[in-house]
Q: 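Provided herewith is a single structure, encoded as structure tokens, for subsequent inquiry.
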Amino acid sequence: MSTAIESEPTFVDKFPDEARVVRAAFMSSFFALFLGAIFGIIQTLHRTDVARIIPSTDYYTVLTAHGVFMVISFTIFFLVGLFTWALTRSLDRPLINIKITWTWYGLMAAGMTLTGISILAGFVDSIDMSADVLYTFYAPLQAHPLFYAGLAVFIVGTWIAGADWFRTFLAWRREHPDERIPLQTFMVLTTMTMWYIASSAVAASVLLFLLPWSLGFIDQVNPTLTRTLFWFFGHPVVYFWLMPAYMLWYTVLPKIAGGRLFSDPLARVVFVLFVLLSTPVGIHHQYLDPGIAEGFKFISMTNTMFLLLPSLLTAFTVVASVEYGARKNGGTGLLGWLTNLPWRKPAFTGMMLAGLMFAAGGFSGMVNAGMNINYLIHNTLWVPGHFHLTVGTAVALTMMAGTYWIWPQISNKPIYSSQIGLFQVVLWFIGMALMSNAMHAQGLLGVPRRTAEPEYSGFDYPTMFGGFEELNIQIAIGGTLLFVSTILFLGNLVLTMGNPKVSGLAEPLPSPVSGAEDAPKVLDNLRLWVSIALTLVVLAYALPIAAIINRGGLLGPGVGT
Ligand code: HAS
Ligand code: CU
């Protein structure tokens, strides 16, 4: 091993203050993953009637805890850690004021703690507090005010994080007036732009309606309106989870594969398309809602189909970059190059398996998006099948795999065991293949989602292969493997933290084959993209929201009509 003097500095060597924030954010993220995993295994075994350790009346508390801890805390804490790393690294400059950085991290942690307490209080009968509203917290389900207040504080924390990154970028811009925005910074800025647009609606829903309603200041709300505001945010939030994974696929995966990113301009196009198209599609979650005219649903479907494009471009660019690396390492043939890849590295294999699963998740998303086929699968177990492939694998597995690569960069500690890491990512893949495939299949049989006892008496699908009960076994085994995989991941990381610090771990990222200089300058014009994005949002939402308010009133039927 080389000494610190002759080896390249790692991220933590160069930016120790920022590295501390990144580690704190990751640890919050993994703590949420731990909690989420516990509720996940309880729920899988309960629903499939393998083991019922909670009364069915607690099922929605478990489901809410699983959903909120996984898709709000685990994913978003990871995102803020990764983005802090990526922005600082790619601008090669510290954040403008680390106190502000700790402030937003503190707000996010405090907010999520409040929300978490309000959910977990649902288990304690003697406390008059509950928030069994699921992670899609729209009316008519109502939570304790602490749930909404915590979420509001958490979201404000993410807004300040975005401001922190934008201001750091502007400081860099003054120092480098003529340079192109570095790719990772571009990804951070575009993703945050999308987040500001998307989260404005959920903030409005919480602050204007849900929080005052749960505090008793107003008697009722318009449920269609809060649902619509939720899904205005609820679709783009899935890309808020996905963009950190895309950042790792575009900028880190090619390096681990021994190659370079194929095209920087194409990556920029993809992120711009997400700014433009992520939001005006939310109504595709409401195809079955009465109170929204078919025509508006059709517009949403059309926009959704266009939104497939950036992911299909990603499939092309990422695979091309990996193939480039394989061929550089002597790979040949139509598929023979696949053997010239570092499959023993958990970071590589984890991300590739996550990508492979995302191809399947993307296809089930296309099925969801078709207005007519959606009627077949809506509110069935097909939908959890879909999102365990997308957020539960493309995102979660990439985040875990990425951690194996990034943790040494932010701590100077080598990963405790690569073998356990490799085993863990493969186990995730197998567990999810079993669980999500069986969920899709049960959905087609008509098995509902979000119910503690889906078997109902008299609901007797045959026990043969592919029947309800056999699929239940696949779900239970798959869910158990996922739980074991999570524990192995967390255990490996805890042991890594106990490793002594070493030097020589730096892995600088190579420049793309086709670099920023090939990208049209207009791609960096964020003002232009924001104005087009807002126009599309107005076109997609102004009329449906006006119609909803006109029919049902701002505060529900009977008020304002
Ligand atoms: Fe979705 C419901 C449509 C993507 C998450 N989605 C959900 C829900 C969640 C969710 C959580 O239109 C449930 C919400 C609830 O609780 O009610 N979804 C789509 C479409 C896409 C899509 C069109 N969803 C995602 C992503 C998510 C996510 C991403 C999380 C991260 N979804 C829907 C619809 C519903 C829905 C309806 C409502 C259903 C209902 O009725 O309730 C698209 O963005 C998908 C595009 C993706 C592709 C795949 C490209 C392939 C790639 C693979 C690259 C390969 C690599 C490696 C890197 C077209 C990029 C390859 C290696 C080799 C060796 C080959
Ligand atoms: Cu969606």
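Both counts, for ligands and for their atoms, begin at 1 and track the order of listing.
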Q: Could an N or O of ligand 1 be found under 3.5 Å from any N or O of T136, whether backbone or side chain?
A: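 Between T136 and ligand 1, no N or O pair is found under 3.5 Å apart.
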Q: Under 3.5 Å, is there a donor on one side chain and an acceptor on the other for T304 and H235?
A: no
Q: Just say parallel, tilted or perpendicular for the rings of F154 and F77, cut-offs at 30° and 60°.
A: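 If you compare the ring of F154 with that of F77, the planes turn out perpendicular.
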Q: Applying the ring pair (Phe, Tyr, Trp, His ring centres under 6.0 Å) criterion to F233, which one of W195, F240, Y239 satisfies it?
A: W195
Q: N/O of T314 under 3.5 Å from N/O of ligand 1, yes or no?
A: no
Q: Just let me know how R449 lines up against ligand 1, side chain, backbone, both or neither, with a heavy-atom cut-off below 4.0 Å.
A: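 The side chain, only.
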Q: Any side-chain donor paired with an acceptor under 3.5 Å for E453 and S56?
A: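 E453 vs S56: donor-acceptor pair found between side chains.
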Q: Classify the side-chain pair N368/W382 by whether it contains a donor and acceptor separated by less than 3.5 Å.
A: yes
Q: Would you check, one step at a time, whether the test side chain to side chain donor-acceptor pair (under 3.5 Å) holds for T64 with D132?
A: CA-CA 6 Å; T64 306; D132 302 342; 4.9 Å; no
Q: For ligand 1, is any non-hydrogen atom under 4.0 Å from F363's backbone (N, CA, C, O), its side chain (CB onward), both, or neither?
A: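 Within the 4.0 Å criterion, F363 makes no contact with ligand 1.
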Q: For atom 49 (C) of ligand 1, which candidate among F358, Y135, F316 holds the nearest heavy atom?
A: F358
Q: Could you pull out every donor-acceptor pair under 3.5 Å between side chains of residues 428-437 and any protein atom, sequence neighbours left out?
A:
residue	atom	partner	partner atom	Å
W428	NE1	G392	O	3.1
S436	OG	M432	O	2.9

Q: For V383, is the nearest heavy atom under 4.0 Å from an atom of ligand 1?
A: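 Flag set, V383 near ligand 1.
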Q: So if I count the atoms of ligand 1 from 1 in the order they appear, which ones are less than 4.0 Å from some heavy atom of H378?
A: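 Counting atoms of ligand 1 from 1, those under 4.0 Å from H378 are 40 (C), 41 (O), 42 (O).
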Q: No waters, cut-off 2.8 Å: how many protein N, O or S atoms are close to atom 1 (Fe) of ligand 1?
A: 1
Q: If I apply the N/O under 3.5 Å rule, does T304 come out as touching ligand 1?
A: no
Q: The Cu ion (ligand 2) as vertex, arms to NE2 of H284 and NE2 of H285: angle to 10°?
A: 100°
Q: Among pairs that include at least one residue of residues 262-275, which meet salt bridge (Lys or Arg N to Asp or Glu O under 4.0 Å), considering only residues two or more places apart or in two chains?
A: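 Residue pairs passing salt bridge (Lys or Arg N to Asp or Glu O under 4.0 Å), neighbours aside: D264-R268, R268-D524.
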Q: Which pairs with one or both residues in residues 294-313 pass salt bridge (Lys or Arg N to Asp or Glu O under 4.0 Å), sequence neighbours excluded?
A: E294-K297
Q: Between the side chains of Y246 and S311, is a donor N or O closer than 3.5 angstrom to an acceptor N or O?
A: yes
Q: To check your reading of the model: name the closest protein heavy atom to atom 64 (C) of ligand 1, its residue, and the distance in Å.
A: M352 CE, 4.0 Å
Q: Whether the T193 and W529 side chains hold a donor-acceptor pair (N or O, under 3.5 Å, no angle test) is what I'd like checked.
A: no
Q: Using a 4.0 Å heavy-atom cut-off, say whether W231 meets ligand 1 through its side chain, its backbone, both or neither.
A: side chain
